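Everything quoted here is computed from the prediction, not taken from an experiment.
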Amino acid sequence: MNSPNPNSLKYRFTKGLLKALARINKHQPRSSSSSSREIQRRYRRIKTAAYASMACAVGTRRAWSRELLWKIRNQARNGGVLRRIGRSTTSTHYPMKKRSQKKPVEAGLGRVDELRKVVPGGEGMDTWSLLEETAHYMKCLTTQVKVMRTIVAIYSTT
C-alpha cells in the first residue's frame, strides 16, 4: 500500500481535521444526553473545524482561505460561533424578477455577483480571479466531502 504524500492537500486537511475532531471529542460532555441544543453546538464546532482545517491546509495562498481564517479568528475573539461560511446572504423572500426583462450581459453579471457572495473573500475580486478562486474552492470542498465520508465510513463500521 502506498504511503500518503504529506505534501498533498488531502493529507494536510485530514491531519488537521482529525486533530480538531479529537479536541472536540475530548471536550464533549460525558453524559449521554443529546439535547437539540447540544447537537447543534457540536454540529457548529465540527463545521468550523472542517472549514478551518481546509483553510489551514491551503494556507494563505488563496483569498478564500485567508477570508475563512480571518472570519474564524474574529469569531473566536468575539466569543461567537462561525455560522454563515460559504452561504449566500441573500434572502429568498424577495420576489424573483422575470428573466425576459434582463439583457443577456446583465444576467451574466448577476450570476458573477451571486458567485461573489458564495465564495469567501470573493467580494473584492475581478471576474477572472473570482473564477480561479471558485474552481480551487470547489476542488477543496470536494476533497473535504470525500475525507469526511471516509471518516464516517470508518467509524460507522467499528
Provide the closest heavy-atom pair for [X] versus [Y] in the form atom of the first, atom of the second, distance.
X: Leu130; Y: Arg116; answer: CD2-CG, 3.5 Å
X: Tyr11; Y: Asn5; answer: CB-O, 3.2 Å
X: Ala20; Y: Ser53; answer: CB-OG, 4.4 Å

Counting only pairs under 3.5 Å, give me each side-chain donor-acceptor contact of residues 58-65, with atom names and distances, residues two or more places apart or in other chains.
from	atom 1	to	atom 2	distance (Å)
Arg61	NE	Val58	O	3.1
Arg61	NH2	Val58	O	2.7
Trp64	NE1	His136	ND1	3.1
Ser65	OG	Gly59	O	2.4
Ser65	OG	Arg62	O	2.9

Pairwise side-chain contact, [X] with [Y], heavy-atom cut-off 4.5 Å (strictly under):
X: Thr150; Y: Ile154; value: yes
X: Arg45; Y: Arg41; value: yes
X: Leu115; Y: Leu131; value: yes
X: Met54; Y: Leu68; value: no

Calculate, to the nearest 0.5 Å, the distance between atoms [atom1] and [atom2] belonging to [X] and [Y] respectively.
X: Lys15; Y: Cys56; atom1: NZ; atom2: SG; result: 12.5 Å
X: Met125; Y: Glu123; atom1: CE; atom2: CD; result: 8.0 Å
X: Arg42; Y: Arg37; atom1: CZ; atom2: CZ; result: 13.0 Å
X: Lys71; Y: Arg66; atom1: NZ; atom2: CZ; result: 14.0 Å
X: Thr127; Y: Asp113; atom1: OG1; atom2: CG; result: 8.5 Å

Do Arg111 and Glu114 sit within salt-bridge range, that is, some charged N less than 4.0 Å from a carboxylate O?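 Answer for the salt bridge query: no.
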Quick one, Lys47 with Tyr51, criterion side-chain contact (heavy atoms from CB on, under 4.5 Å). Give me CA distance, side-chain angles, the key distance, then yes/no. CA-CA 6 Å; Lys47 181 177 175 181; Tyr51 279 118; 3.7 Å; yes
Exam field: side chain Gln144 to backbone Ala50, donor-acceptor pair closer than 3.5 Å: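 Yes: the side chain of Gln144 pairs with the backbone of Ala50.
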Using modelled atom types only, decide if a donor and an acceptor are shared between the side chain of Ser129 and the backbone of Asp126 within a distance under 3.5 Å.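 No; zero donor-acceptor contacts below 3.5 Å.
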Determine, step by step, whether Leu18 and Ile151 satisfy the side-chain contact (heavy atoms from CB on, under 4.5 Å) criterion, reporting the C-alpha distance in whole Å, the side-chain angles of both residues, the deciding distance to 0.1 Å, and the verdict. CA-CA 9 Å; Leu18 289 175; Ile151 291 170; 3.8 Å; yes
Does Leu141 share a hydrophobic cluster with Phe13, counting links as ILVMFWY side-chain heavy atoms below 4.5 Å and allowing steps through other members?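 In one cluster with Leu141: Phe13, yes.
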Same cluster or not: are Val152 and Val145 linked, directly or through other Ile, Leu, Val, Met, Phe, Trp or Tyr residues, by side-chain heavy atoms under 4.5 angstrom apart?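 No; tracing contacts between hydrophobic side chains, which count when under 4.5 Å, never links both residues.
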side-chain contact (heavy atoms from CB on, under 4.5 Å) partners for Lys10, two or more places apart: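 So Lys10 forms a side-chain contact (heavy atoms from CB on, under 4.5 Å) with Ser8, Thr14, Thr143, Val147.
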What verdict does the side-chain contact (heavy atoms from CB on, under 4.5 Å) test give for Met148 and Leu17, after you've listed the backbone C-alpha separation in whole Å, the side-chain angles of each residue and the deciding distance to 0.1 Å? CA-CA 9 Å; Met148 292 178 88; Leu17 180 62; 3.9 Å; yes
